[in-house]
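Down below is the structure, laid out as structure tokens.
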Amino acid sequence: MALITADRERFPDTPWQLVETHHQPGNAGTLETLFALGNGHLGIRGAHWAAADAELPGSFINGLHEIWDIKHAENAFGFARTGQRIIYIPDANNFTVIIDGETLSLAESDVLDYRRSVDFATGIYECRITWRCRSGATVTTTERRAVGFESRGSLGISLEVASDREVSADVTSSVINRQDQPVEDHSAHDPRRAGRHAGRVLLPVRIDGGDGSLRLSWQAAESGQRVGMAVDHWTSTGQQCFETVAGEDDSSVRYVLAVQADQPFRLEKSVSYAAGPGVQDSERDAAETAEAGLRPVEDIFGESREHYRQYWATSDIVVGGQPQLQQAIRWNLFQLAQATARADVAGIPAKGVTGSGYEGHYFWDQEVYLLPYLTYTNPDAARQVLEFRHQMLPVAKIRAKELSVDGALFPWRTINGLEASAYYAAGTAQFHIAAAIAFATSRYMWASGDEAFREGMGAELLIETARMWASLGFFGKDGLFHIHGVTGPDEYTAVVNDNLYTNVMARFNLSAAAAVEHQAIDEAERQLWVQAANRMQLPFDEDLQVYSQDNDFMTLEPWDWTTPRSKYPLLLHFHPLVIYRHQVLKQADTVLAMFLQWQDFTAVEKRRAFDFYDPITTGDSTLSACVQGIMAAEVGHPDAALEHFTNAAFIDLDDTHGNTIDGVHIASTGGVWSSLVCGFAGLRDQGHMPFFDPRLPADWDALTFHLKVRGRLLLVELDGGALTLTVQSGGQLDVDVRGQVLRVGPEPVRVALEPFESPEPTVFPSGPPTASIPVIHALG
């Protein structure tokens, strides 16, 4: 059921904010995700300040995790041994407000007015509630929050209490260790959700407090990672705190005072966290390190405003004439900034820092779905993600030996570099993560021109992944190079031979590595890579004239498309073996290969593949809709392209997959960026020059965005009849628009576009289209 689009009175389509105009019970956890704040390092969920009004509150630091030994029911050599799970850090967003003896809460109190918002332009969260108290007073509380950017471990919170008459106020500000609170473990019912640890995780190291200040630190029981926090309070009235209590699970600072009608009481709470490699390696207490990062609350708000002022100047994407889509697009772009801006040399969790879903792990998502956005909007951040992968090389080489292959084998899901996927068929078997890393490496080098990276870390990543492919595959008696026993992106088809996506991407990886000039490569190895790439087996069905997803996919039994919608996603209702033996896809697989390696396939091959696979793709994966939409636009299905794009844009805003409560689907937000830039604007890269083949939807007036390419800032403006390109900074840039090569400089270059004629659809006997996602038709 839709959430945001179902009630536009409650959630108006404001272009620069997500706004909730009145409170309703239900969906609190999902809204905590939608109103979350983060900077890529620190994240805080958008929960209400009162405990009674929060469903799944919490705060997170990227990479801060606990470990445990994975217990396999039946053991085997090479299985993943160490589980990893992101930690709920002690949470500062907690207040208790008592007015004339009444504890205020949305669940129990009389609310006269309510409005909360997260402002994309400033990164500031605000919730203003007017209460009719039982004493007769009308009281308004206003809470505002922001995370720091220059000071990436900082969080600023202010709570103002105003009244129409004198009232007695009792306000408590708390820090709660949520990691060790007793809660239900949902992961047994849904593998997408995070589990919980059986024993205590955060062991107290320092618990100090006095005069409104707290200095606290903990160490994770098994991983040994440390987190410290410092909290200071300030009041507008100069009010001294009534008491300060420091505890390992619940610390508090309490104020008791009379609030006058003409003098609101404002409490500011400055919070600083310290965690990460620098803290773990230091003899200094983590709380001391956190204390050094304390900033005035207004300074933290100022950092957030300035960051987003600069961010939107070059990262905004404007769609003309589509206000509801514009809000959704900006919300997705805002989430991308929140997940990546200050991650620094670290990975990007599948849920960013907005929740604990997928255990806080890093997947191939970051290379295929997030690195395109970062490469063209924040190339320095893209480089840092690749540096993080490069740091994993020593462990990846050890893992390769465990799996009897050369080079480096990166983990399918991880935080600390070790494989954390206990189900190898849909985890370790996804060797294609190696090609994803190589592809992101190649794209970054192509788009940035970073020669130092190309000659150093970039070359090593390409070489070590190529060595893995060369040893994983083999030359068969047919003279072709085969890769057996792998799982592609579509996890509904596992451990197959010659998965097309895997082979296509491995071919790219081998070719890219063979082109590298590096002393570590001898001529024999280079020729092996060249021959393996040139002779790569790509399964093709001669009867249907369609590339087969793998060697046996076309022989599988078609799925029963009368399966009711309540049985989707299939992974929650059918044993994997049932799914594996049917022609049914969780997400785009062959279609994704044709998008990423766009130059390797003809227009006819792409169209026939899309027409065959799209109807049998359930969309159970949030990674699918964006890719299907991009290729639908390219092959000439504009209605399908817009439908898939709209589904992608509202995956979290409408909670269409039912698990937004656990955090934003960050890869899908990256897919929204790619849908606009690569789908409707038709950007393709890694050729001789940037290439555009636009497909603007008929109902859109315009599409405008910027790209950072080789030191230039390129402005792209698309309308129904033309594409206009301008280099706003840097030198000239050669660009290919539908085969016409243009030299673009500071003066706008306008290219008229002929209407694209949609080809006749190709009909395959694969049944009617289906999807587990409800299609959003209500957008005008």
*Criterion salt bridge (Lys or Arg N to Asp or Glu O under 4.0 Å) on R389 and E367, from CA distance to verdict*: CA-CA 10 Å; R389 284 296 193 189; E367 278 79 22; 2.8 Å; yes
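- The closest side-chain donor-acceptor pair between Q84 and H361, if any, does not fall under 3.5 angstrom.
- How far OG1 of T33 is from CD of Q335: 9.0 Å, rounded to the nearest 0.5 Å.
- The closest side-chain heavy-atom distance from F553 to Y613 is below 4.5 Å.
- Taking the six-membered ring for Trp and the full ring otherwise, W700 and F680 have centroids separated by under 6.0 Å.
- Distance alone, capped at 3.5 Å, places no donor-acceptor pair between the H637 side chain and the A633 backbone.
- Residues Y358 and D365 are not in side-chain contact: their nearest non-hydrogen atoms beyond the backbone lie 4.5 Å or more apart.
- No donor-acceptor pair closer than 3.5 Å links the side chain of S674 to the backbone N or O of G671.
- Ring geometry, H665 versus H657: the interplanar angle falls from 30° to 60°, so the pair is classed tilted.
- Listed here is the closest heavy atom pair of N332 and A328: ND2-O, 2.7 Å.
- The side-chain heavy atoms of I348 and V385, taken from C-beta on, include a pair separated by under 4.5 Å.
- No donor-acceptor pair under 3.5 Å is formed between the side chain of W446 and the backbone N or O of M689.
- Checked by atom type and distance alone, the side chain of Y444 never pairs as donor or acceptor with a backbone atom of L386 at under 3.5 Å.
- Aromatic rings of F508 and F439 (six-membered ring for Trp) have centroids within the 6.0 Å cut-off, being under it.
- Residues Y547 and F601 bring their aromatic ring centres within 6.0 Å.
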*Hey, mind stepping through Y362 and N62 against side-chain hydrogen bond (donor to acceptor under 3.5 Å, both in side chains) and telling me if it holds?*
CA-CA 10 Å; Y362 316 129; N62 183 3; 2.8 Å; yes
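- Between the side chain of D478 and the backbone N or O of L480 there is at least one donor-acceptor pair closer than 3.5 Å.
- Within the 4.5 Å cutoff, the side chain of E419 has no heavy atoms near those of the F410 side chain.
- How far CG of L374 is from CZ of R443: 11.5 Å, rounded to the nearest 0.5 Å.
- Counting only N and O atoms by type, the side chains of N551 and H482 include no donor and acceptor under 3.5 Å apart.
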*asked:* side-chain hydrogen bond (donor to acceptor under 3.5 Å, both in side chains) for D560 and T562? Distances and angles first, verdict last.
replied: CA-CA 5 Å; D560 179 6; T562 65; 2.6 Å; yes
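- Q549 has its side chain within reach of L585: a pair of non-hydrogen atoms, C-beta onward, lies under 4.5 Å apart.
- In this structure, H432 has its ring center closer than 6.0 angstrom to the ring center of W412.
- Note on R507 versus D600: salt bridge recorded, some NZ/NE/NH1/NH2 to OD/OE distance being below 4.0 Å.
- Using a cut-off of 4.0 Å between Lys/Arg side-chain N and Asp/Glu carboxylate O, R695 and E634 are scored as not salt-bridged.
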*Hey, mind stepping through D498 and Q537 against side-chain hydrogen bond (donor to acceptor under 3.5 Å, both in side chains) and telling me if it holds?*
CA-CA 7 Å; D498 289 325; Q537 161 70 345; 4.6 Å; no
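- Here E74 contributes atom CD and F79 contributes atom CZ; the two are 8.5 Å apart, rounded to the nearest 0.5 Å.
- Checked by atom type, the side-chain pair Q686/S442 shows a donor-acceptor distance below 3.5 Å.
- By the 4.5 Å heavy-atom criterion applied to side chains, V591 and Y501 are not counted as neighbours.
- Taken from CZ in R738 to CZ in F691, the straight-line distance is 8.5 Å, to the nearest 0.5 Å.
- The shortest heavy-atom contact between Y580 and E491 is CE2-O, 3.6 Å.
- Salt-bridge annotation for D662 and K351: absent, with no side-chain N of the basic residue lying under 4.0 Å from a carboxylate O of the acidic one.
- Under a 3.5 Å cut-off, the side chain of Q597 and the backbone N or O of M505 do not form any donor-acceptor pair.
- Residues D652 and T660 have side chains that bring a donor and an acceptor to within less than 3.5 angstrom of each other.
- For the pair S668 and A648, the tightest heavy-atom approach, listed with the atom from each and the gap, is OG-O, 3.7 Å.
- G347 and A343 get closest at one heavy-atom pair: O-CB, 4.3 Å.
- A donor-acceptor pair under 3.5 Å links the side-chain atoms of H575 to the main chain of L577, judged by distance alone.
- Taking both residues in full, the closest heavy atoms of A459 and V516 are given as CB-CG1, 3.9 Å, listed atom of the first, atom of the second, then distance.
- With hydrogens and angles disregarded, a donor-acceptor distance shorter than 3.5 Å links the side chain of T487 to the backbone of A425.
- Taking the six-membered ring for Trp and the full ring otherwise, the centers of F574 and W559 sit less than 6.0 Å from each other.
- Here the side chain of T5 pairs no donor or acceptor atom with the backbone of A2 at under 3.5 angstrom.
- The CE atom of M536 sits 12.0 Å away from the CD atom of Q531 when rounded to the nearest 0.5 Å.
- Side chains of Q587 and S624: a donor-acceptor N/O pair is absent below 3.5 angstrom, by distance only.
- A centroid separation of 6.0 Å or more is found between the aromatic rings of W673 and F705.
- Using a 3.5 Å distance cut-off with no hydrogens or angles, the side chains of N499 and D550 do not pair a donor with an acceptor.
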*R684 vs D693, salt bridge (Lys or Arg N to Asp or Glu O under 4.0 Å): CA-CA, chis, key distance, verdict*: CA-CA 8 Å; R684 298 293 184 270; D693 185 7; over 6 Å; no
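- Side chain of Q545 to main chain of E542: a donor-acceptor pair is present (N/O by atom type, distance under 3.5 Å, no hydrogens or angles).
- Note that NE2 of H644 and CD1 of I630 are 11.5 Å apart. Values are rounded to the nearest 0.5 Å.
- Closest approach of L683 and P690 over heavy atoms only: CD1-CB, 4.3 Å.
- Between H582 and Y492, the ring center distance fails the sub-6.0 Å criterion.
- Between the side chains of D490 and T493, at least one donor-acceptor pair of N or O atoms lies under 3.5 Å.
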